[in-house]
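Beneath this line is the structure, given in structure tokens, with notes to follow.
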Amino acid sequence: MKKEKILEAVLVITTGMLVIYLVTHQPVFLYISVASGVVGILFKPLAKLMAALWYKTGELLGNVVSKIVLTLVFFLLLVPIAFLYRFFHKDPLHLKKTAGSNWSVREHNYCGDDLKNIW
């Protein structure tokens, strides 16, 4: 891991803890912020460990949150649209068997232009 990425991760942790302290006014977050800043400046192996843990946590959260968001989008957006479509459109693909045949008669006079661009 590059030195810049390590320092960037430590800076993000320090700033994040400082912001949490400013919102909650709990002194433990201020202590964590100062400690992570000092570790990032003075102790490079610990800073590298902190950065590795930070990136692994981000990767884990990315995997979990993406699945949660996609599940919510599916059930809150796509499923209601599918139910509404099925309610208002009765068998648009003609998948249900009718009393007669599934064959549909097409009255079309074929000409040479039909074969020029068949797709």
Side-chain angles (χ1 to χ4, degrees):
M1 194 178 308
K2 292 185 177 182
K3 182 180 178 181
E4 293 85 17
K5 296 300 267 183
I6 294 171
L7 291 176
E8 179 182 315
V10 171
L11 181 63
V12 167
I13 294 169
T14 303
T15 306
M17 290 298 155
L18 190 59
V19 168
I20 292 172
Y21 166 72
L22 292 174
V23 171
T24 63
H25 300 292
Q26 295 291 326
V28 69
F29 294 113
L30 181 62
Y31 299 143
I32 293 172
S33 174
V34 170
S36 65
V38 169
V39 164
I41 293 171
L42 299 178
F43 304 108
K44 298 301 179 195
L46 286 176
K48 188 173 183 179
L49 178 64
M50 281 176 44
L53 289 174
W54 178 255
Y55 285 117
K56 284 296 179 185
T57 303
E59 188 177 318
L60 178 68
L61 284 175
N63 287 335
V64 171
V65 170
S66 66
K67 288 173 180 50
I68 292 172
V69 168
L70 287 174
T71 301
L72 289 175
V73 165
F74 179 78
F75 283 111
L76 296 178
L77 186 68
L78 295 177
V79 169
I81 290 173
F83 282 139
L84 287 173
Y85 185 80
R86 284 187 183 186
F87 181 73
F88 289 114
H89 295 87
K90 304 294 184 194
D91 196 24
L93 296 177
H94 306 291
L95 296 176
K96 295 181 181 174
K97 296 241 185 228
T98 58
S101 173
N102 284 337
W103 183 264
S104 61
V105 177
R106 181 174 180 220
E107 298 293 333
H108 178 70
N109 292 327
Y110 291 99
C111 62
D113 290 337
D114 291 335
L115 298 175
K116 286 182 181 176
N117 188 5
I118 59 174
W119 305 114

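Since the model is a prediction, treat every value here as computed from it, not as a measurement.
- M50 and S36 make their closest contact through CE-CB, 3.6 Å (heavy atoms, listed as atom of the first residue, atom of the second, distance).
- Under the 4.5 Å side-chain heavy-atom criterion for grouping Ile, Leu, Val, Met, Phe, Trp and Tyr, F83 is connected to F74 within one hydrophobic cluster.
- Side-chain contact between K44 and L7 is present, with heavy atoms from C-beta onward closer than 4.5 Å.
- From L77, atom CG reaches atom CZ of F75 across 12.5 Å, with rounding to the nearest 0.5 Å.
- Distance alone, capped at 3.5 Å, is enough to place a donor-acceptor pair between the T71 side chain and the K67 backbone.
- Y55 and K5 get closest at one heavy-atom pair: OH-O, 3.4 Å.
- Counting non-hydrogen atoms of neighbouring residues, nucleotides and ligands closer than 6.0 angstrom, the NZ atom of K3 reaches no more than 12 such neighbours.
- What you find for G40 and A47 is that their closest heavy atoms are CA-CB, 3.8 Å.
- The CG atom of L61 sits 13.0 Å away from atom NZ of K56, with the distance rounded to the nearest 0.5 Å.
- Connection of L30 to V28 is established within a shared hydrophobic cluster, with ILVMFWY side chains joined at heavy-atom distances below 4.5 Å, either directly or through further cluster members.
- Here the shortest heavy-atom pairing between D114 and N109 reads OD2-O, 4.0 Å.
- In this structure, H89 and Y85 have parallel ring planes: the angle between them is below the 30° cut-off, well short of the 60° mark.
- No path of Ile, Leu, Val, Met, Phe, Trp and Tyr side chains, each step under 4.5 Å between heavy atoms, connects L70 with L78, placing them in separate hydrophobic clusters.
- Taking CD from E8 and NZ from K2, the interatomic distance works out to 12.0 Å, rounded to the nearest 0.5 Å.
- A single hydrophobic cluster is not seen to contain both L11 and M17; linkage of ILVMFWY side chains at heavy-atom distances under 4.5 Å, directly or through other members, places them apart.
- Hydrophobic clustering (side-chain heavy atoms under 4.5 Å, transitive across Ile, Leu, Val, Met, Phe, Trp, Tyr) keeps I20 apart from Y31.
- In this structure, CG in L53 is found 12.0 Å from CG in L60, a value given to the nearest 0.5 Å.
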- Message: With side-chain contact (heavy atoms from CB on, under 4.5 Å) as the criterion, how do V10 and K48 come out once you've worked through the C-alpha distance, each side chain's angles and the decisive distance to 0.1 Å?
- Response: CA-CA 9 Å; V10 171; K48 188 173 183 179; over 6 Å; no
